[in-house]
Amino acid sequence: MEKYDPKTIEQPLYRRWESEGYFAPSGDGEAFSIAIPPPNVTGTLHMGHAFQHSLVDAVIRRKRMQGYKTLWQMGTDHAGISTQMIVAEQLAKEGLKPSDLGRDAFIERAFQWKDESGGQISHQLRRMGASLHWATERFTLDEGLSAAVVEVFTRLFDQGLIYRGKRLVNWDPKLATSISDLEVISEEEQGSLWHIRYPVKDNPSASIVVATTRPETMLGDSAIAVHPEDSRYQHLVGQFVTLPLTDREIPIIADAYVDPDFGTGCVKITPAHDFNDYDVGQRHDLPLISMMNPDGTIADTAPRAYVGLDRFEARKKIVADLTSKDLLVSIDDHKLMVPRGEKSGVVIEPLLSDQWFVKVDSLAKPAISAVETGDIRFIPEQTENIYFAWMRELKDWCISRQQWWGHRIPAWYDDAGKVYVGRSLDEVRQKYSISSSVSLRQDDDVLDTWFSSALWTFSTLGWPEETDALETFHSTNLMVTGHDIISFWVSRMIMMTLKFMDEVPFEEVYIHGLVTDAEGQKMSKSKGNGLDPMDIIDGITAEALVAKRTQNLLQARQQAKIEKATRKEYPNGIQAYGTDALRFTFCSIATSARSMRFDLKRVEGYRNFCNKLWNAANFVAMSTTNRITHEQPLASVADQWISLQFQHTCNLVNQAMDTYRFDLATKAIYEFVWDEFCDWYLELCKPVLSGEQTDPRLKAGTQNCLLETLEGILRLTHPFMPFISEELWLNLPTTVREGPSLMLANYPQSQDIALDDAAPVQDIQWIKAVVGALRNIRGEQDIPPNKPIPILFSQGSIEDRERQSKYADLLVALTRPSSMVWLDNEEEAPAAAIQLVGTLKILVPLADLIDVDAELERLNKEIQKIINEIARIEGKLANQAFVSNAPTEIVSKEKAKVSDYQTAKTDLERQKLRIQSLR
RNA sequence: AGGAACGUAGCUCAGUUGGUUAGAGCAUCGCCUCGACAAGGCGAGGGUCGUCGGUUCGAAUCCGACCGUUCCUACCA
């Protein structure tokens, strides 16, 4: 057999699975479905995707093997803002603006970009081994999904749940569109607090001083507010101040919103440029003065001197002008939270504009109760708090975006500006009886991408058509996503699906944590600490990695820093670890924690695990090429033990997977394969297989058990490591496997077993203890493993004697003794190194092997440990309260323990004296 | 400011309803080419479970306070 090399096995297997149609739902089983959280069609696979899809594929593959009619629905979204931004940047490189092309040509250009880059994410998902149903792949802008979007919009509008209005929204001046609250990232930055004097109109010698972090907004001020009970200013309430730099006069009003203890206790009110001021303005009926254009320049509502200036240049000029008029009192350093657009990075402005909104009240109520009643279950349960917190304070959802790439809003206006909504222009004319002679103009805006994503679970299955797929696979069973997406997507899917399907989009939501780098830092391009899953699978040289991380960076200084850090962390680049190792790693770090540090060391460990499994399979193949066939094969103690242990592992894995503890599932597999199957079972098989005298029935039994256990391991492992498991499985003799692919084999089922009480388990435990005792002596004494040692047994129970004689062959194979002898009379015992297994004493005579000092040290250590334990337990038992209150079995257990320790202590101390006398 | 979580070995993390000497991987140290595997085998060292208090016969586990870290929500002009 060849050495384990993931590169050579993985992709051919995937191609075969796909061409054979194994990813399609099949069989008559109960339906099980998951909709993929749609990746950006023009995007690439990042670590978060790779992680998430590793988990989902594990779930899907297991369900498929369990006989469910399984669908993992594939699809992508159009990622409105990001894609438009990228296409605009591409145009900019050609010296073009989107407006130079016009709407239709721009959209064509975007589709062109989708076609160029669109294959990448699909290709990468295939590399991950994702068993997605490609044949029914959907895209949010395709015909069917677009129809669903129009349908939903129209129905909501007709029911009065969508409205249009002029509102203050988060505005991105660079992208010139509204954006969601959730796409605004506020972070603390160093800024200034400008104190400005506003002269009182009727008493120009008097003035009010206000503080602001955005002095340019003074051009839009409509009032000055003070706290109603602030005695300092009460006499001024109702008077007017002269707004500097303008010819306007604005009132001084009283409003409890003002914190009298902050700054001067006076606040300038700019209702058209601040959310709080907007509310104050509404209360006091103040005018809304919008002084900024959509591109962030000063609008012509402002004094001519500032019109057309960028907002930050205007700020400078205003500060300068105020200074020259002696109206600037002071400038203080000030830390403030600056809101920036997640995509564009520029400072977001609250801006007054016409937008479309979804009225969420009536949609939110059933969505909240669906989770309260348990129709939808969040895992881990705590994460439902994120959902509730968001849903209970839900504001109307602004769904319009001033973009071209997306679903154009199905609304038309006549010349008077009256709005008509319908599925098409024709329908609108018919519905509202508008003759074709009346000109209608469609709304220019498109819908928020999340609007179409909210329909995802049912639109991808064919809605509004009543399809079989919809009937069979909706509600979907599970949604797997990150906590950051709960508000964006999960909540909106629940609202929309309940509204239009009258059922939940999914029954369970598994919320996973965020994958960070080994230092716990969020992976990001600007930090240059990101990893590309493909680089972990295929490997990458240090040069290529540095190049990749430093290209397209904005700051050159960062480039040098990132290059240095990268070369330090990956001096030799990254090795090729293969998909299976990566997937296994993702599953094993998927604990219930909110964030998971990703460390390549873990991947390396699991790549080694793949190698271990590969070599074990190799050994099984070698050991079974010459099959001994016997009609009545005998199962050895090891065979019986490993079968029980395997069943126990299956139980653990199934239980873990049923509760979405991917970490515990992979841990159970890893420990069984490595620590039990490889380290003990294969070793215990060797004497049976190589023994010339071995009973052929036993040999046949062992060969059967080797093959069956390996086959079971592969089925158990497949959801986590699909490639290596399939490859090894296909190499097994057809007599021990069923079907053309491991993908279609049965998943091992849980089964109740009494593991600890089973005789084979206890026998193997005894063997492990005896072998362990001897290995400890060898280890501590630095006796080479191939050097035979004489072994003496003494004391012990009848059972010890029986086992020793019954399993002598196994003990010989595992401990390499020169002799194994029972001492009838303990007095005969020579000076020796000693280990205790229960009451059984295991001795290795000193002869020339044993270092007296080393042995004494070992004994002292052991005795001290026991003394500590005895003291601890005796203390416990001396406590009357413990003895009378604790359950009797606990008390008697402690009593038994202390007496065992006493015996052991006596034995070891006697031994110590003996050794000491040799010095 | 409000809400939530977390703090266990040098590092990354498990630890179920409170009850054997608190576990694993990586790292460290010692021995080893013994016929699956050096991407390996065997052995060993390493923890007052953040601190203090409380409940309990008994606390890593339950409760409270404090210290530290992180996230979320809101925001002071």
Side-chain angles (χ1 to χ4, degrees), chain A residues 1 3-4 181 186 193-194 210-214 217 225 257-259 261-270 274-277 334 336-337 382 385-386 389-390 393 483-484 487 513-514 518 520 575 577 581 588-589 591-599 601-602 604-623 655 659 661 663-664 667 670-671 675 678-679 682-683 686 690 771-772 775-787 816 858 861 865-866 868-869 872-873 876 879-887 889-891 893-894 896-897 901:
Chain A
M1 201 150 101
K3 205 173 146 67
Y4 170 59
D181 301 356
S186 287
L193 197 56
W194 286 270
V210 299
T212 180
T213 55
R214 295 187 298 156
T217 61
Y257 153 72
V258 180
D259 175 2
D261 297 327
F262 186 90
T264 58
C266 303
V267 187
K268 60 193 268 318
I269 301 297
T270 323
D274 183 283
F275 291 101
N276 288 313
D277 291 5
H334 184 67
L336 74 162
M337 297 295 278
Q382 313 289 11
N385 292 332
I386 303 174
W390 169 253
E393 281 184 49
H483 60 86
D484 50 333
S487 328
L514 192 77
Q575 281 183 60
Y577 294 109
S588 57
I589 63 174
T591 64
S592 38
R594 269 191 330 273
S595 82
M596 292 149 299
R597 296 178 185 222
F598 186 87
D599 190 341
K601 288 278 182 192
R602 289 291 286 270
E604 186 177 349
Y606 294 123
R607 189 275 319 265
N608 294 353
F609 177 62
C610 290
N611 190 50
K612 188 78 179 171
L613 181 59
W614 184 269
N615 285 314
N618 184 30
F619 173 78
V620 172
M622 279 169 42
S623 308
Q655 196 193 343
T659 52
R661 285 299 302 268
D663 60 323
L664 298 181
K667 186 176 172 226
Y670 183 96
E671 287 177 352
D675 301 341
C678 291
D679 284 351
L682 296 187
E683 295 306 321
K686 285 176 185 173
S690 62
V771 172
R775 282 176 177 171
N776 177 269
I777 291 175
R778 270 191 196 273
E780 294 285 299
Q781 297 288 347
D782 286 349
I783 303 169
N786 56 354
K787 176 154 187 153
R816 294 169 180 269
R858 201 180 63 80
K861 211 163 60 186
K865 240 189 223 170
I866 291 176
N868 293 343
E869 275 311 299
R872 198 180 59 82
I873 300 168
K876 231 172 169 181
N879 182 352
Q880 195 49 46
F882 171 72
V883 179
S884 50
N885 287 337
E889 71 254 32
I890 298 283
V891 177
K893 229 176 179 178
E894 295 294 315
K897 244 188 318 189
Y901 278 131

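Note on naming: letters A, B, ... go to the chains in the order of the sequence lines (proteins, then strands), and numbering restarts at 1 for each one.
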What is the base-pairing partner of [N], counting Watson-Crick and G-U wobble geometry with both distances under 3.5 Å?
N     : result
B:A4  : B:U70
B:A14 : none
B:G43 : B:C29
B:U55 : none

Looking for any heavy atom pair under 4.0 Å, which part of the strands does [X] touch: base, sugar-phosphate only, or nothing?
X      : result
A:R661 : sugar-phosphate
A:A886 : base
A:L193 : sugar-phosphate
A:C678 : base
A:D679 : sugar-phosphate
A:Q575 : nothing
A:D599 : nothing
A:R607 : base

Self-check item: Spacing of A:I890 atom CD1 and A:N885 atom CG [to the nearest 0.5 Å]
Solution: 13.0 Å
Self-check item: Distance in Å, A:R872 CZ paired with A:E869 CD, rounded so as to fall on 0.5 Å steps
Solution: 4.5 Å
Closest approach to the side chain of [X], judged atom by atom: which nucleotide of [options] is it?
X      : options             : result
A:L682 : B:U21, B:A77, B:A36 : B:A36
A:E683 : B:C13, B:C37, B:A14 : B:C37
A:L336 : B:A14, B:A36, B:A77 : B:A77
A:K601 : B:A27, B:A36, B:A24 : B:A27
A:Y670 : B:G25, B:A36, B:C31 : B:G25
A:N879 : B:G43, B:A36, B:C57 : B:C57
A:M337 : B:A24, B:C34, B:A74 : B:A74

Interatomic distance at [atom1], [N] relative to [M], whole Å:
N     : M     : atom1 : result
B:C6  : B:C49 : C1'   : 14 Å
B:C13 : B:U20 : P     : 27 Å
B:C11 : B:U28 : P     : 15 Å
B:U51 : B:A60 : C1'   : 14 Å
B:G3  : B:G10 : P     : 35 Å
B:G41 : B:G46 : P     : 23 Å
B:G25 : B:A14 : P     : 16 Å
B:U21 : B:C31 : C1'   : 26 Å

Presence of [X] side-chain N/O under 4.0 Å of [N] phosphate oxygens OP1/OP2:
X      : N     : result
A:R602 : B:C26 : no
A:N276 : B:A77 : no
A:K686 : B:A36 : yes
A:N608 : B:G40 : yes
A:T591 : B:A14 : yes
A:N776 : B:A44 : yes
A:K897 : B:U21 : yes
A:R872 : B:G19 : no
A:K612 : B:G41 : yes
A:N885 : B:C57 : yes
A:H334 : B:C76 : no
A:R778 : B:G43 : no

Check whether any side-chain heavy atom of [X] lies under 4.5 Å from a side-chain heavy atom of [Y], and answer yes or no.
X      : Y      : value
A:R214 : A:T270 : no
A:K876 : A:K897 : no
A:N868 : A:K865 : no
A:N615 : A:Y4   : no
A:Y670 : A:K612 : no

Quiz item: Is the side chain of A:R661 donor-acceptor paired with the backbone N or O of A:T591 at a distance under 3.5 Å, no angle test?
Solution: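 Such a contact is absent between A:R661 side chain and A:T591 backbone.
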Practice problem: Indicate, yes or no, whether a donor-acceptor pair under 3.5 Å links the base of B:U20 to the side chain of A:Y901. | Solution: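 For A:Y901, whose side chain was compared with the base of B:U20, there is no donor-acceptor pair (under 3.5 Å).
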